[in-house]
Amino acid sequence: MSHLRFLVATLKPHGIQFLVKQDVARKVFLQRQRYVSSGATEPFLSGSNSNYVEEMYYTWLENPKSVHKSWDLFFRNANAGAPPGQAYQTHLPDLSKSRALLFQSHGLAKTPGKAEKLVEDHLAVQSLIRAYQIRGHHVAQLDPLGILDADLDSFVPSDLITTIDKLGLYGLHESDLDKVFRLPIITFIGGDETALSLREIIKRLENTYCQHIGLEFMFINDVEQCQWIRQKFETPGVMKFTNEEKRTLLARLVRSMRFEDFLARKWSSEKRFGLEGCEVMIPALKTIIDKSSEMGVEYVIMGMPHRGRLNVLANVIRKELEQIFCQFDPKLEAADEGSGDVKYHLGMYHERINRATNKNITLSLVANPSHLEAVNPVVQGKTKAEQFYRGDTEGKKVMSILLHGDAAFAGQGVVYETFHLSDLPSYTTNGTIHVVVNNQIGFTTDPRMARSSPYPTDVARVVNAPIFHVNADDPEAVMYVCNVAVEWRNTFNKDVVVDLVCYRRRGHNEMDEPMFTQPLMYKQIHKQVPVLKKYADKLIADGTVTLQEFEEEIAKYDKICEEAYTRSKDKKILHIKHWLDSPWPGFFNLNGEPKSMTCPPTGIPEDMLNHIGNGASSVPLEGFKIHGGLSRILKGRLEMTKNRVVDWALGEYMAFGSLLKEGIHVRLSGQDVERGTFSHRHHVLHDQEVDKRTCVPMNHLWEQQAPYTVCNSSLSEYGVLGFELGFAMASPNALVCWEAQFGDFHNTAQCIIDQFISSGQAKWVRHNGIVLLLPHGMEGMGPEHSSARPERFLQMSNDDSDAYPEFSADFEVSQLYECNWIVVNCSTPANYFHVLRRQILLPFRKPLIIFTPKSLLRHPEAKSSFDEMVSGTSFRRVIPEDGAAAHAPNEVKRVIFCTGKVYYDLIKERKNQDLEKQVAITRLEQISPFPFDLVKEELEKYPGADLVWCQEEHKNIGYYDYVKPRFRTIVNHTRPIWYETYFRVFFASRV
């Protein structure tokens, strides 16, 4: 066993480089020039494998039989002195001489007993160092209040030297404290020194891992990344700041704290969700932005909950203070359409010069509802879009910062969903910096009742994001951690978490009494010295600033606030558009209105239809082997093109392809959208003989075309729909579509639909053209996979069922402009084609909800002629009866109104019963906003007929409750409209 322990001493402190192949490791070893392994490196002992090998080796040391015999052979041979390139061989030359030479090189040849003890002690010291790196954060002094553990485990790891007697765990004693030990290459605590006394080793480890910074990173399975973090925090003297940097930090703390004090003095009874207790967040964010700007970032997109939002708007985004202060005036009237929102939900967009770097920086704070973490995927989508349009494939110009509360970060599932988008090719933003304002309380709920994990940040471990916990009452430690976080993102393009362990000086809001539920915590908080005073006293004591300079800085900012307050009294009108988080320069006129109220025809020339049809029927890459079944599908598309007809999939292809030619980026995202849930789309072809070789024919339609992005998403609705909504925010010149695998799955994204899509324009004057494709149809698949719940979307539509509109030449477009979203259920591929194109050709943007079919994808009757799609044609909001009943309207006894797929069932049954002259069937393609003008024409055409609304869905769901009052308004309540299902509509006694 002594030889095994000697192997540890040689493998780990002196020869581990043969286990590691990463560049950073090589550089570190060369810089420190400890030992050089003469053996060739094993190909499997590289990168992320090295941690595994290390653990395997420790397991083998304890019990050689506990590992596979191949590992036993490898370690025994390596122990015997075999070079790493030969250690796996069964028969080796006599290596006893090599081992003797190795002992002799350490001066131990004549004293094997002492040599073994020395080796064991070095092994123990290495284990001790590793213990601090893994578990030091458990005893770090993170809580500013000093009454709680930042983690809920609340135990002291037994392998940390918190008392002298714990040295015995490692076989060491107090007498060993002044012995000098050679440092292993997995630590940087020595700086330029290669050996330190045990006492100094423990001291430096405690200074690194057990003070005001707690580091969680050893779970990362990449050696290079772990070494990088160790070097950033272990190297002696790294956390030093110049006097100028300290003065800047103090000035930023002054602004952060005095802003909150000013609001508290002026509006003591107003809710504002202040930042008191975590004022360091403002200089932390400014440090992140400064460092990012220094590294080339031009655009920072931020998302955050309401706590501290006003302070961020004022001191980070630099919103005019008078614009913020006037929000507290209850008499302020909104100049824009919509309801507006409370001040601590609003967003902002601002371009300015970064004073630290003298570079232009654009900052966007995305508006967020009270659903604390809902904004996370929205920010990521907007960030991805801005990177996409700039060609910023590595995230060097555009980045995102997400702020979180501790309870929400641990408790809300969208956090996990968003993290799992972080490394997916079509969703990655190349690293996000997460800042957690860890109040150690959620509203009134104790953390011990709010989460099962030790830290609120443990969710980040699933994507190997390092987590830096830091005591928020140590501003310099916070600034250092923020600088490292930016460098991490810039180096590795991965997420990182900064956990600001702080407290909440007031209740959940300023009117709330926290002593009801947290009496002991708030007794301590009431005694707590504010961080500004602590830091100012420290700088005054060491001579960095004088008391007079500090007081002048306070007076200077107080004066700025007072002057802005005076100006704010002159403001009587609130312009919500001044708080817009995603402006579209040049799309609207200077007043933010559409440049026209017309929409051109959405048809395209027939030669373009033929070109796209041929492209959809071919494979543009040479030697690309496709599936035999797919070959039949492509031949079918070619045949349809020759016959001048399209089915549903080809109609969609025509819409997308034509928009690409016009320079419009098209993005289609969702679960299994590349093939399509129902195997109808096939926009991504897979080579049947070459793994991972794919082809997207739509990106080969034209020489000069916009790119087409089609991407299968993770199995998430909430996160992915939020992401696509954010992507659509960035530019009006893109068609961004999210398709649910089945329509009813949108209910797990209901928060995004309710809080952002349906109401975003009313609250935040934010236009958005997101398209939701929701497969819908009651086709025998059971309670799920059937209804996309159209009644929910219609219930949230804002048109008035009792208001009879005035019809004008631009009624169709004006009605679309006034609505909050558009809801359609197309019955023909041509109409689907037109509504997709209309979404881009409109002079404004509205969300579009499309209930897409399932059985109609292959229904022989559900095809459209090119004649319905060529130049001059447009979307048909209503498709009236055009058969025998339309030619003799006075003979019609019943008019059936319907929408979508049920139309084909109705015409088949009408024909079977020979009722084509007595029953007229009219389709509503656009349900909301309701096509009053066209429905009125249909009702007047058949004055003596019964009116029936037919749908597959039960009476309490579907469309009936929405359409009924609108029909009644058109006829001034003189004619009823009956509800019938498909099964009864031709048999009821009223026929």
Side-chain angles (χ1 to χ4, degrees), residues 601-620 624 626-662 666 668 675-676 678-685 695-702 705 708 773 777 825-838 850 852-876 879-883 900-901 903-908 911 916 921 923 925:
T602 47
I604 60 176
E606 184 161 346
D607 62 341
M608 189 183 294
L609 291 170
N610 280 309
H611 179 84
I612 297 171
N614 290 330
S617 310
S618 60
V619 181
F624 194 97
I626 64 173
H627 191 276
L630 189 53
S631 296
R632 291 191 294 273
I633 292 173
L634 297 188
K635 289 177 182 177
R637 289 179 184 173
L638 183 60
E639 191 66 25
M640 282 190 289
T641 302
K642 291 178 179 177
N643 294 331
R644 301 182 68 252
V645 297
V646 298
D647 62 3
W648 212 268
L650 192 53
E652 180 184 77
Y653 215 106
M654 298 290 188
F656 289 176
S658 59
L659 291 172
L660 295 174
K661 188 179 192 307
E662 295 163 14
V666 178
L668 174 61
R675 191 202 73 172
F678 310 102
S679 197
H680 69 289
R681 183 174 286 126
H682 296 286
H683 283 189
V684 178
L685 310 182
C695 171
V696 181
M698 204 177 295
N699 276 322
H700 299 266
L701 287 175
W702 322 94
Q705 68 167 73
Y708 173 52
L773 304 175
N825 188 355
C826 300
S827 62
T828 71
N831 238 14
Y832 179 49
F833 160 86
H834 283 298
V835 80
L836 290 173
R837 286 186 49 79
R838 185 183 74 171
I850 306 180
T852 56
K854 292 177 283 186
S855 60
L856 294 193
L857 297 176
R858 295 178 177 83
H859 197 291
E861 300 295 323
K863 288 187 168 66
S864 296
S865 166
F866 279 12
D867 293 335
E868 302 171 62
M869 304 166 68
V870 294
S871 300
T873 57
S874 295
F875 176 70
R876 303 176 72 186
I879 302 180
E881 171 65 54
D882 60 357
K901 164 247 178 189
Y903 167 76
Y904 294 93
D905 300 326
L906 291 173
I907 59 172
K908 180 180 178 181
K911 182 177 181 180
E916 291 171 311
I921 303 175
R923 288 168 273 175
E925 302 284 291

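These figures come from a predicted structure and were not determined experimentally.
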Visitor: Work out which heavy atom in Arg637 is nearest to a heavy atom in Leu650; give both atom names and the distance.
Guide: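 Taking Arg637 first and Leu650 second, the nearest heavy atoms are O-CD2, 4.1 Å.
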
Visitor: Rounded to the nearest 0.5 Å, what's the gap from CD1 on Ile633 to CG on Leu638? Could you check?
Guide: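 Answer for the CD1-CG pair, Ile633 versus Leu638, is 14.0 Å.
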
Visitor: Give me the atom names and distance for the closest heavy-atom approach of Gly900 to Ser827.
Guide: O-CB, 4.0 Å

Visitor: Check Phe866 against Asn610 and note the closest heavy-atom contact, atom names and distance.
Guide: CE2-OD1, 3.6 Å

Visitor: Walk me through it: do Leu701 and Tyr708 pass the test side chain to side chain contact (heavy atoms under 4.5 Å, CB included)?
Guide: CA-CA 10 Å; Leu701 287 175; Tyr708 173 52; over 6 Å; no

Visitor: Roughly how far, to the nearest 0.5 Å, is the CE atom of Met640 from the OG atom of Ser617?
Guide: 7.5 Å

Visitor: Please assess Thr602 against Phe833 for the test side chain to side chain contact (heavy atoms under 4.5 Å, CB included), listing each intermediate value before the final yes or no.
Guide: CA-CA 9 Å; Thr602 47; Phe833 160 86; 5.7 Å; no

Visitor: Do you know which two heavy atoms are closest between Pro601 and Ser874, and how far apart they sit?
Guide: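 Shortest heavy-atom contact: CA-OG, 3.3 Å.
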
Visitor: Nearest 0.5 Å, please: how far is OH in Tyr903 from CD in Glu861?
Guide: 9.0 Å

Visitor: Please say whether more than 12 non-hydrogen atoms of neighbouring residues, nucleotides or ligands are located less than 6.0 Å from NE2 in His627.
Guide: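 Atom NE2 in His627 is not crowded, with 12 or fewer foreign heavy atoms closer than 6.0 Å.
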
Visitor: Nearest 0.5 Å, what's the NZ-CG distance between Lys901 and Leu906?
Guide: 9.5 Å

Visitor: Would the distance check show the side chain of His682 and the main-chain N or O of Leu634 forming a donor-acceptor pair, the cut-off being under 3.5 Å?
Guide: no

Visitor: So among Glu925, Arg923, Glu868, Arg876, which one has a side-chain hydrogen bond (donor to acceptor under 3.5 Å, both in side chains) with Asn831?
Guide: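 With Asn831 as partner, side-chain hydrogen bond (donor to acceptor under 3.5 Å, both in side chains) holds for just one option, Glu925.
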
Visitor: Which heavy-atom pair separates Ser864 from Pro829 by the least distance, and what is that distance?
Guide: OG-CD, 3.2 Å

Visitor: Go through the steps to decide whether Met608 and Ser871 satisfy the test side chain to side chain contact (heavy atoms under 4.5 Å, CB included), and finish with yes or no.
Guide: CA-CA 10 Å; Met608 189 183 294; Ser871 300; over 6 Å; no

Visitor: Within the structure provided, determine whether His611 and Pro605 are in side-chain contact (heavy-atom separation under 4.5 Å).
Guide: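 With C-beta onward as the side chain, the pair stays apart.
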
Visitor: Hey, what do you get for CZ (Arg675) to NE2 (His683), rounding to the nearest 0.5 Å?
Guide: 13.0 Å

Visitor: The test is side chain to side chain contact (heavy atoms under 4.5 Å, CB included); show your working for Phe875 and Leu836 and say whether it passes.
Guide: CA-CA 9 Å; Phe875 176 70; Leu836 290 173; over 6 Å; no

Visitor: From Ser855 OG over to Asp905 CG, what is the distance, rounded to the nearest 0.5 angstrom?
Guide: 7.0 Å

Visitor: If you compare all heavy atoms of Asn614 against all heavy atoms of Ser618, which two are closest, and at what distance to 0.1 Å?
Guide: O-OG, 3.2 Å

Visitor: Taking Lys911's backbone N and O only, do any of them form a donor-acceptor pair with Glu916's side chain (distance below 3.5 Å, no angle check)?
Guide: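 No, Glu916 side chain to Lys911 backbone: no donor-acceptor pair under 3.5 Å.
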
Visitor: Which side chain to side chain donor-acceptor pair (under 3.5 Å) pairs, counting each pair once, include a residue from residues 642-658, with sequence neighbours left out?
Guide: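 For residues 642-658: Glu606-Arg644, Arg644-Asp867, Glu652-Arg681, Glu652-Tyr832, Ser658-Arg837.
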
Visitor: Does Lys863 NZ have over 12 foreign heavy atoms under 6.0 Å away?
Guide: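 Check passes, neighbour count above 12.
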
